[in-house]
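Worksheet for the structure shown next.
Hydrogens, waters and symmetry mates are skipped; everything else that's a heavy atom, side chains included, is used. The chain is numbered in sequence order, starting from 1.
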Amino acid sequence: MTGPKPVVVVGDVLLDEDIEGVATRLAPDAPAPVVDVTGDRRHPGGAGLAAALAARGGRDVVLVTALGDDPASEDVRRGLSGRVRLLELPLHGTLPVKTRVLAGGRPVVRIDRGGGTPGEPDDAVREALAGAHAVLVADYGRHTAGAVRPHLEDAARHTSLVWDPHPKGDPPVPGARIVTPNAAEAVALCAGGPVAPPGGSSSGGSSSGGSSLGDSSLGAFAERGAELAERWRAAGVAVTLGDRGVLLTRPGGGTPMLIPAPFRADGDPCGAGDCFAATTVAALADGLLPEEALQRAVAEAAAFVAAGGAGNPDLWHTPAVPGPAGTPSADAFELAEGVRARGGTVVATGGCFDLVHAGHVGLLESARRIGDCLIVCLNSDASVTRRKGPGRPLTPAADRARVLAALGSVDAVVVFEEDTPEAVLGRLRPDVWVKGGDYSVQALPEAEVLRTWGGQAVVLPYLDGRSTTLLTRRAARAAAVALKSPDG
């Protein structure tokens, strides 16, 4: 196999249908709301949604799932075309269709139809899993994972495997790196009973009701997570707790790690669990530690819910744009032209980035999520000296560019000599220009030049108390103290 290894998603695809409307009256023959339909959307759900989310940013994703020749299967194929590569198992029966009727954005009723049994995998499935960079199992209780279980057991021995379980599905294979049940699933899996529906979600979700969970204390969920990790012989179990975040537990107990949600996300939780699992496996594929991967996944899931969840039409109306084919050091101008030609959104940001710190990393990660590529416009050494004074930069431009290009959020870096990046922006013509929260859009000198081609300047939140100036002052103070000490 040549080229970068793909992320492989294995699981049960559903067709999700949202019928939207307004309800202002009750039916005359029953105390039931009458919904006047205003819209109808259909899109891949279950493992199909997870695979599409894992593929955001141009990641190569292979989806192993069972599809048939029914209309719902054809809808799923069309919805995933250009986003992921399909490896199909035969489906004996019809694809499940889960229809939500919503009034004012809130579910009124859900209707489930269809269902079938997956057939046997072929050699292409075995080869895909053998060559995977990381694997996600999105189990929806339809036993696609069971059909390919021997190959998943082999994959868990050589790569990171994330398993999003279902109480009616197959148990995770031994050696899974992270298993991601939500709160209701963890309770049901430990009790051996049916799962309480997590917030009425049709495609999973990390939100869960409280009253049906029994003891919902962190201690109780820590015990459940450790019990499941022991049972499944998993390296870790991450129980998603809705607004409280995620609790990471290990086999054998010990102190769990709580990763809180960055903010309370008021929105549709449908598909939040898929977003969480897909982000986790993508982060592991990028080389992040499990704790780092889960932190990124919690933030992404919160943003996903706030944006409307799986019912957000922008998820599927946005053209399927493959990401940059090259490395992060690819030519910035060719990259921008290529992404724009495919209908994608070019995002750019700029600065000195003399000492890359947590504030920079958070800003760059947030900026990358806005569009389909992120280009950093980097002040040259002479430009930094003019802006910051003698003694700056601390790090030469070549080294600064190399560090930035190594970040997973950065697709290309371009160095400019001027004091401000208007000239290079005129060549890049980004759709969005991003700066940190210590600016205002009105004060940005770049805002005016962006308006000439319809670009938009935005300001993103910035971590307080993080700056290169503060770091250099702290280092200078530490050096002065060291010189005064007897051992200095």
Looking at residues at least two apart in the chain, or sitting in another chain, which of them share a side-chain contact (heavy atoms from CB on, under 4.5 Å) with [X]?
| X | result |
| --- | --- |
| E230 | P251 |
| A423 | E418 |
| P256 | A222, L247, T249 |

**Item:** Residue pairs involving residues 400-410 (criterion side chain to side chain donor-acceptor pair (under 3.5 Å); sequence neighbours excluded)
**Value:** D381-R400
**Request:** For residues 254-264, pull every pair meeting side chain to side chain donor-acceptor pair (under 3.5 Å), keeping only residues two or more places apart or in separate chains.
**Result:**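 Applying side chain to side chain donor-acceptor pair (under 3.5 Å) to every pair that reaches into residues 254-264, excluding sequence neighbours, yields D243-R264, R264-D266.
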**Request:** Hey, could you give me each pair passing salt bridge (charged side-chain N to carboxylate O under 4.0 Å, His left out) that has a residue in residues 129-139? Not counting sequence neighbours.
**Result:** none
Can you name the nearest heavy-atom pair linking [X] to [Y], along with the distance?
| X | Y | answer |
| --- | --- | --- |
| A278 | A54 | CB-N, 3.8 Å |
| H360 | V356 | ND1-CA, 3.3 Å |
| C377 | P421 | CB-CB, 4.4 Å |
| A229 | R250 | CB-C, 3.9 Å |

Using side-chain heavy atoms (C-beta onward) and a distance below 4.5 Å, is [X] in contact with [Y]?
| X | Y | result |
| --- | --- | --- |
| P393 | T385 | yes |
| F304 | C270 | no |
| V239 | L228 | no |

Distance-only, no hydrogens or angles: does the [X] side chain make a donor-acceptor pair with backbone N or O of [Y] under 3.5 Å?
| X | Y | answer |
| --- | --- | --- |
| T240 | V246 | no |
| S81 | R77 | no |
| R368 | G371 | yes |
| N182 | A184 | yes |
| T395 | D354 | yes |

